[in-house]
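Scroll down for the structure; my scribbles are underneath it.
Just so it is clear: chains get the letters A, B, ... in the order the sequence lines come, proteins before strands, and each one is counted from 1. Below, all heavy atoms of this structure are taken into account, side chains as well, without hydrogens, waters or symmetry copies. This is a predicted model, so every value here is computed, not measured.
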Amino acid sequence: MKQQQFTCQLMDWHKRENERILPWKGEQDPYKIWLSEVILQQTRAEQGLPYYQAFIQKYPTIEDLAQAPDSEVFKLWEGLGYYSRCKNLLHTARYIVNELGGKFPVAYEAILSLKGIGPYTAAAISAFAYNLPHAVVDGNVFRVLARCFGIYAPVDATESRKIFTALANGLLDKEQPALYNQAIMDFGATICKPVNPLCSQCPQQNLCEAYLNGTINELPVKEKKMAKKMRWFTYFIFTVDDKTLVHQRIAKDIWQNLYEFYLVETDANSNWDNEKINEYLQNQFSIKDFYIKYISPFLSQQLTHQTIKAQFISVQLPHIPPMLQHYEWMNKQQMEQLAFPKIINEYRQSESFPAMLF
DNA sequence: AAGTCGGGGGG
DNA sequence: CCCCCAGACTT
């Protein structure tokens, strides 16, 4: 039976050749498992590793996390991306502490119902923390199964999930679900890699459809290709004495809950010269008495589905204009507590080393 | 079912 | 430059 052979060869590889070491491997505390899995959603292990360690050190228990202020947790998450994960993490920590007496749910369905926990993370926690027989289906598993079993169903189609999940659960070693799940993900990450997989040293050579048919580069199949948008951000950095205007992003858009400066988004690369800035400040805020300290060129940041071009215009004001009073004005020390998008931090860093300016 | 949400690393 | 990553949520 091919399925049993796959599992047998996978477990054998795991026990004898898998040398991948990560701090959450073998962990059984559901809180730590949960934290690591959320951090690792759509994130490479190497990228998430320092964040995991920082979170565990600062919040050793779920009670510690639940009691922490939002801003502090977002600051710790800063730079990791997909910030709704952080919001849901806090929400669920507080829910478990306040409504469930701090006891992490044990049943798969109960775990799945928590905010920020989907099918993958629920299976991972069930298996790693409680050794329950649920197979994880992540990007690694999609790829490994598509190749080994020659599955051409597109992995990014909702309907295909059922096929892969059913197959994954059929392959699961039900005597040791935690070990099996760890094995298949490590295998996908180190041997059956997305590009240039190490087929020459692969333990599944004898049964891998893609390898035997020479179709490794065709699998897995993806069908969606998202168009990229270009967005032009002009940030006004308004300062009055030692205070700077900041604003928390609340709209349904990128970087929700993070902070930024005063933003003007335009359709195209509009040229903000002195004259246009004068006109804008007078018309919008009735500001006349100001000093333009610096106009930066556009910095660029690539996101998955959009390219951000951001420009920074530093404007010193004699006093806080009435029309900008409802914004937050913070000094340097206060600003250090806030989480900013990467492109803003890049500018802020260059700002503190004027010699390095572009 | 399709769109949206970041940032880093590798080819 | 493009693709992918220990996915989940919203519409």
Side-chain angles (χ1 to χ4, degrees), chain A residues 20 22-25 27 32-52 74 77-89 91-92 111-128 134-144 154-162 164-165 168 178 180-190 192-197 217 220-229 231 249 251-258 300-308 339-346:
Chain A
R20 205 175 185 214
L22 292 166
W24 46 83
K25 285 177 73 167
E27 181 60 61
K32 291 181 182 172
I33 298 292
W34 167 55
L35 178 61
S36 71
E37 296 302 342
V38 173
I39 286 175
L40 292 170
Q41 285 165 8
Q42 289 292 282
T43 305
R44 294 172 186 277
E46 307 80 61
Q47 187 188 357
L49 178 55
Y51 287 87
Y52 174 76
F74 272 94
W77 196 276
E78 180 185 46
L80 192 55
Y82 284 160
Y83 296 93
S84 66
R85 290 185 293 173
C86 183
K87 178 185 158 198
N88 289 331
L89 186 76
H91 178 277
T92 293
I111 298 172
L112 182 61
S113 72
L114 298 171
K115 266 205 173 79
I117 295 184
Y120 164 76
T121 304
I125 296 172
S126 300
F128 293 139
H134 294 272
V136 294
V137 182
D138 71 335
N140 290 305
V141 175
F142 275 118
R143 185 173 59 255
V144 170
V155 294
D156 52 353
T158 312
E159 194 187 348
S160 307
R161 168 168 280 283
K162 294 176 196 152
F164 284 94
T165 302
Y180 170 88
N181 281 331
Q182 192 61 64
I184 193 167
M185 289 194 286
D186 283 346
F187 175 70
T190 61
C192 198
K193 300 186 293 180
V195 289
N196 298 336
N217 292 325
V221 174
K222 296 208 175 188
E223 57 183 12
K224 291 177 199 153
K225 292 173 193 65
M226 274 188 286
K228 258 187 194 167
K229 284 182 298 187
R231 297 177 70 179
R249 290 179 67 87
K252 267 197 53 178
D253 195 357
I254 55 172
W255 304 327
Q256 194 174 62
N257 292 304
L258 271 58
S300 182
Q301 180 177 12
Q302 281 292 345
L303 305 184
T304 301
H305 51 292
Q306 45 189 303
T307 302
I308 307 297
F340 291 92
K342 178 200 166 180
I343 196 167
I344 291 183
N345 277 334
E346 271 180 1

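Nearest heavy-atom pair, A/Ala45 versus A/Arg20, reported as atom, atom and distance to 0.1 Å: CB-NH2, 3.7 Å. A/Ile184 and A/Val141 make their closest contact through CG2-CG2, 3.9 Å (heavy atoms, listed as atom of the first residue, atom of the second, distance).
Using a cut-off of 4.0 Å between Lys/Arg side-chain N and Asp/Glu carboxylate O, A/Arg143 and A/Asp138 are scored as not salt-bridged.
On the nucleic acid side, DNA chain C has its first and last nucleotide under 4.0 Å of a heavy atom of chain A at C/dC4 to C/dT11, going 5' to 3'.
When each of A/Leu112 and A/Gln302 is assigned the nucleotide of DNA chain C bearing its nearest heavy atom, the one mapping closer to the 5' terminus is A/Gln302. Heavy-atom distances to DNA chain B give each of A/Arg85 and A/Glu159 a nearest nucleotide, and the one nearer the 5′ end belongs to A/Glu159. Between A/Gln47 and A/Lys115, the one whose closest nucleotide on DNA chain C sits nearer the 5' end is A/Gln47.
The same atom, C1', is picked in B/dC5 and in C/dC4; the two are 16 Å apart, to the nearest Å. The separation of B/dG6 from C/dT11, taken at their P atoms, amounts to 15 Å, rounded to a whole angstrom.
For the pair A/Tyr82 and B/dT4, the criterion of a side-chain N or O lying under 4.0 Å from OP1 or OP2 is not met. Residue A/His305 has a polar side-chain atom (N or O) positioned under 4.0 Å from OP1 or OP2 of B/dC5. The shortest distance between the side-chain N/O atoms of A/Trp77 and the OP1/OP2 oxygens of B/dG6 is not below 4.0 Å. Residue A/Gln306 places none of its side-chain N or O atoms closer than 4.0 Å to OP1 or OP2 of B/dT4. For the pair A/Gln301 and B/dG7, the criterion of a side-chain N or O lying under 4.0 Å from OP1 or OP2 is met.
Environment of CD in A/Glu223: crowded, with over 12 heavy atoms of neighbouring residues, nucleotides or ligands closer than 6.0 Å.
You'll find a donor-acceptor pair under 3.5 Å spanning the side chain of A/Thr43 and the base of B/dG6, going by distance alone.
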Ignoring hydrogens and angles, write down the donor-acceptor pairs under 3.5 Å from the side chains of residues 120-128 of chain A, residues two or more places apart or on other chains.
{"residue": "A/Tyr120", "atom": "OH", "partner": "A/Glu37", "partner atom": "OE1", "Å": "2.6"}
{"residue": "A/Thr121", "atom": "OG1", "partner": "A/Gln41", "partner atom": "NE2", "Å": "2.9"}
{"residue": "A/Ser126", "atom": "OG", "partner": "A/Ala122", "partner atom": "O", "Å": "2.7"}

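No hydrogens or angles considered: nothing links the side chains of A/Gln256 and A/Arg249 as a donor-acceptor pair under 3.5 Å.
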